[in-house]
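These notes concern the structure reproduced below.
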Amino acid sequence: MTTYRNPVLPGFYPDPSICRVQDDYYLVTSSFNYYPGVPIFHSKDLVNWCQIGHVLDRPSQLNLDGTPCSRGIYAPTLRYHAGTFYMITTFVVSQTGARKNFYVTATDPAGPWSDPYWLTDAPGIDPSLFFDDDGKVYYTGNRRPPTGQDYPKHMEIWLQEVDLQKGDLIGEKMSLWDGAMKQNHAQEAPHLYKLFSYYYLMIAEGGTGFTHSVTMARSKNITGPYEVCKTNPILTHRHLGRDYPITNIGHADIVDTQKGDWWMVCLGTRPYGGSHRNLGRETFLVPFVWEDNWPVVNPGKGIVELEMPFPNLEQKRCHVAPVCDHFNKNELSYQWNFIRTPRGDFWSLEERPGFLRLKAKGDVITDEVNPAFIGRRQQHINFMARTIMAYTPEKVGEEAGVVLLQNTDYQIRLTKLLVGGMPYLQLVRREAGEDTVLAIELAPAHMTYIKVEAYGQQYHFYYADKEEEWSTLGDVVDGRVLSSDLAGGFVGAYLGMYITGENRNTADFDWFEYVGLDN
């Protein structure tokens, strides 16, 4: 029997939403304060996903200036109707939680996508669109109940018709449901589907942590009343304990195949080193069937497993991206991201062909700004990453190297800088906004090889001035500083290249290699 491994999108790819167009599947995930926003993927078999771009890839679509860590773009929904793709999402713009909801459209999922249609008087997060048989289109979201919250974090799901031509919500806001479980919290991520003459409302409940879950209700009328599924939650892992290898299961979307089978994508996490999850919330895939017109997820087991039977679809693998990026293209590959919308001319693939050139600017990675950092997700519990950097620090206060990042206050940096007029390599662990220098060694004069190896929560750092002649820098570093369980927030760990300084010095990276070492 052919099987597949979960997660199907490893690393920080949370809040998946999926749609099918004939025999093509498309999926989007959240991106928070990283740019470009909302990665979009294509698959033929639901397991092998190839990134085809980002939905929000222009500053006119996504202005993340001043957006705090773990704010920004939340929980997108992807839908297709009558030749047009729609992506609707929430932009959380401040630490206080101020938010705006908008959608964009495209006829080609690879782009270009339109500029945003901002919706007024659209409270809450995690909006979705539903296209009814009569031609009407509906918006669903969450909000505090109009009569007030009965208990902390009590939310309800609401519905309103939307005019997509004008970009306006129209008609009355209708309260639909406030969840399946008494005094549960964070009712969110609503999706509507019409099947078997019912409107099905599927939501997430219990927050995005250990108590996360998926619940469902249905009604003959779109405005209700909604009948609660007696087997709710239809999916959760909170009863399995914190030591189970997959936790935090929830926030789902469903799709049927061209052969009539049903599948669910959802987020989950893989804790290691205790209840720490450096990889963030990832995208998992699980089958389900309909019994008595209610969903039964993974019949006989009811959980998401690390290895599961392959869908009844012809397996079609995507082109596998090389583990080493030699920066020999005119554009950055899709795996690379900036922190917030990039401002200023601080990077180039053309000034020194075959290299990624980073140009120093005053922004530092410990502030909520747009530093000269280009990074990618950590996608494996065990991995090796290495690069070669041409850089000579000229003044005190400037540095360049590699950063492993959770947020501004939690990170690990291996950078080259001046100390007493001489170039040194310095290894720093930052926790709760405080830097601790773990090691410092005299650096190679110009070209410097840098390598990090992670085995669970043990991170090892190396440097060299000649290829494969590695020297250890410092002792083993505790990697739990890269987990949101320690740092807070909603994102997974990134690693990448960085420079800072006031005099426009440059650091050239010839290549960057990332290799997963998981079994």
Side-chain angles (χ1 to χ4, degrees), residues 1-21 23-31 38-55 75-78 109 189 191 204 208 212 214 235 237 244-259 261-272 277-288 297-298 301-321 323 334-335 376-383 492 514 516 518-519:
M1 178 179 66
T2 303
T3 62
Y4 69 91
R5 293 282 297 177
N6 265 317
V8 291
L9 283 180
F12 165 55
Y13 292 109
D15 309 320
S17 179
I18 192 170
C19 72
R20 176 173 66 88
V21 182
D23 59 354
D24 292 288
Y25 299 87
Y26 300 96
L27 184 148
V28 293
T29 70
S30 299
S31 53
V38 188
I40 183 166
F41 300 85
H42 169 255
S43 177
K44 286 286 191 178
D45 58 18
L46 291 170
V47 172
N48 296 289
W49 293 94
C50 179
Q51 189 171 354
I52 58 175
H54 291 85
V55 174
T77 295
L78 182 66
H191 294 306
T208 195
H212 210 16
V214 182
L235 180 63
H237 277 202
Y244 194 74
I246 307 172
T247 61
N248 299 31
I249 286 289
H251 197 117
D253 199 3
I254 61 175
V255 69
D256 64 330
T257 73
Q258 60 270 35
K259 296 184 178 181
D261 299 320
W262 285 89
W263 290 82
M264 177 183 289
V265 290
C266 61
L267 70 78
T269 62
R270 292 178 291 163
Y272 60 101
R277 298 156 296 177
N278 299 32
L279 305 182
R281 299 171 301 156
E282 308 173 279
T283 290
F284 291 76
L285 177 72
V286 63
F288 73 95
V297 179
N298 193 9
K301 297 182 178 180
I303 59 174
V304 181
E305 301 173 274
L306 288 173
E307 187 168 0
M308 305 195 73
F310 203 90
N312 182 27
L313 296 169
E314 182 182 355
Q315 186 171 182
K316 188 167 184 179
R317 297 188 181 277
C318 299
H319 170 69
V320 178
V323 296
Y334 291 139
Q335 75 263 28
R376 54 155 296 149
R377 292 161 175 81
Q378 178 184 334
Q379 293 183 274
H380 301 81
I381 295 172
N382 309 297
F383 73 90
Y514 175 93
D518 296 348
N519 293 329

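Everything numeric here is computed off the predicted structure, so don't read it as measured data.
When atom types are taken as modelled, the side chain of N6 and the backbone of L285 share a donor-acceptor pair closer than 3.5 angstrom. Here the side chain of D518 pairs a donor or acceptor atom with the backbone of N382 at under 3.5 angstrom. Without hydrogens or angle criteria, T257 side chain to K259 main chain gives a donor-acceptor distance under 3.5 Å. Checked by atom type and distance alone, the side chain of Y514 never pairs as donor or acceptor with a backbone atom of R376 at under 3.5 Å.
Judged as a salt bridge (Lys or Arg N to Asp or Glu O under 4.0 Å), and not counting sequence neighbours, the contacts of K301 are E305.
Relative orientation of the Y13 and F41 rings is perpendicular, given thresholds of 30° and 60° on the angle between their planes. By the 30° and 60° cut-offs, the orientation of the rings of W262 relative to F288 is tilted. Relative orientation of the H42 and Y26 rings is tilted, given thresholds of 30° and 60° on the angle between their planes.
A pairwise comparison of heavy atoms in S30 and P39 identifies O-CD, 4.2 Å as the closest pair. Here the closest heavy-atom approach between residue H251 and residue P16 is recorded as O-CD, 4.0 Å.
Looking at K316 and N48, their side chains never come closer than 4.5 Å, going by heavy atoms from C-beta outward. Looking at T29 and F12, their side chains never come closer than 4.5 Å, going by heavy atoms from C-beta outward. Proximity of I18 to L46: side-chain heavy atoms (C-beta onward) are separated by under 4.5 Å at one or more points. L313 is not listed as a side-chain neighbour of K44, based on a closest heavy-atom distance of 4.5 Å or more. Under the 4.5 Å side-chain criterion, counting only non-hydrogen atoms from C-beta, L279 is in contact with Q378. Between D261 and W263 there is a side-chain heavy-atom pair separated by less than 4.5 Å. Counting heavy atoms from C-beta on, the side chains of L78 and L27 never come closer than 4.5 Å.
Just one of R277, H212, R270, H237 meets the side chain to side chain contact (heavy atoms under 4.5 Å, CB included) condition when paired with T247; it is R277.
Residue E314 qualifies as open at atom CD: its count of foreign heavy atoms under 6.0 Å is 12 or below.
Once rounded to the nearest 0.5 Å, the distance linking CD1 of I254 with OG of S17 reads 11.0 Å. The CG atom of N248 sits 6.5 Å away from the OG1 atom of T208 when rounded to the nearest 0.5 Å.
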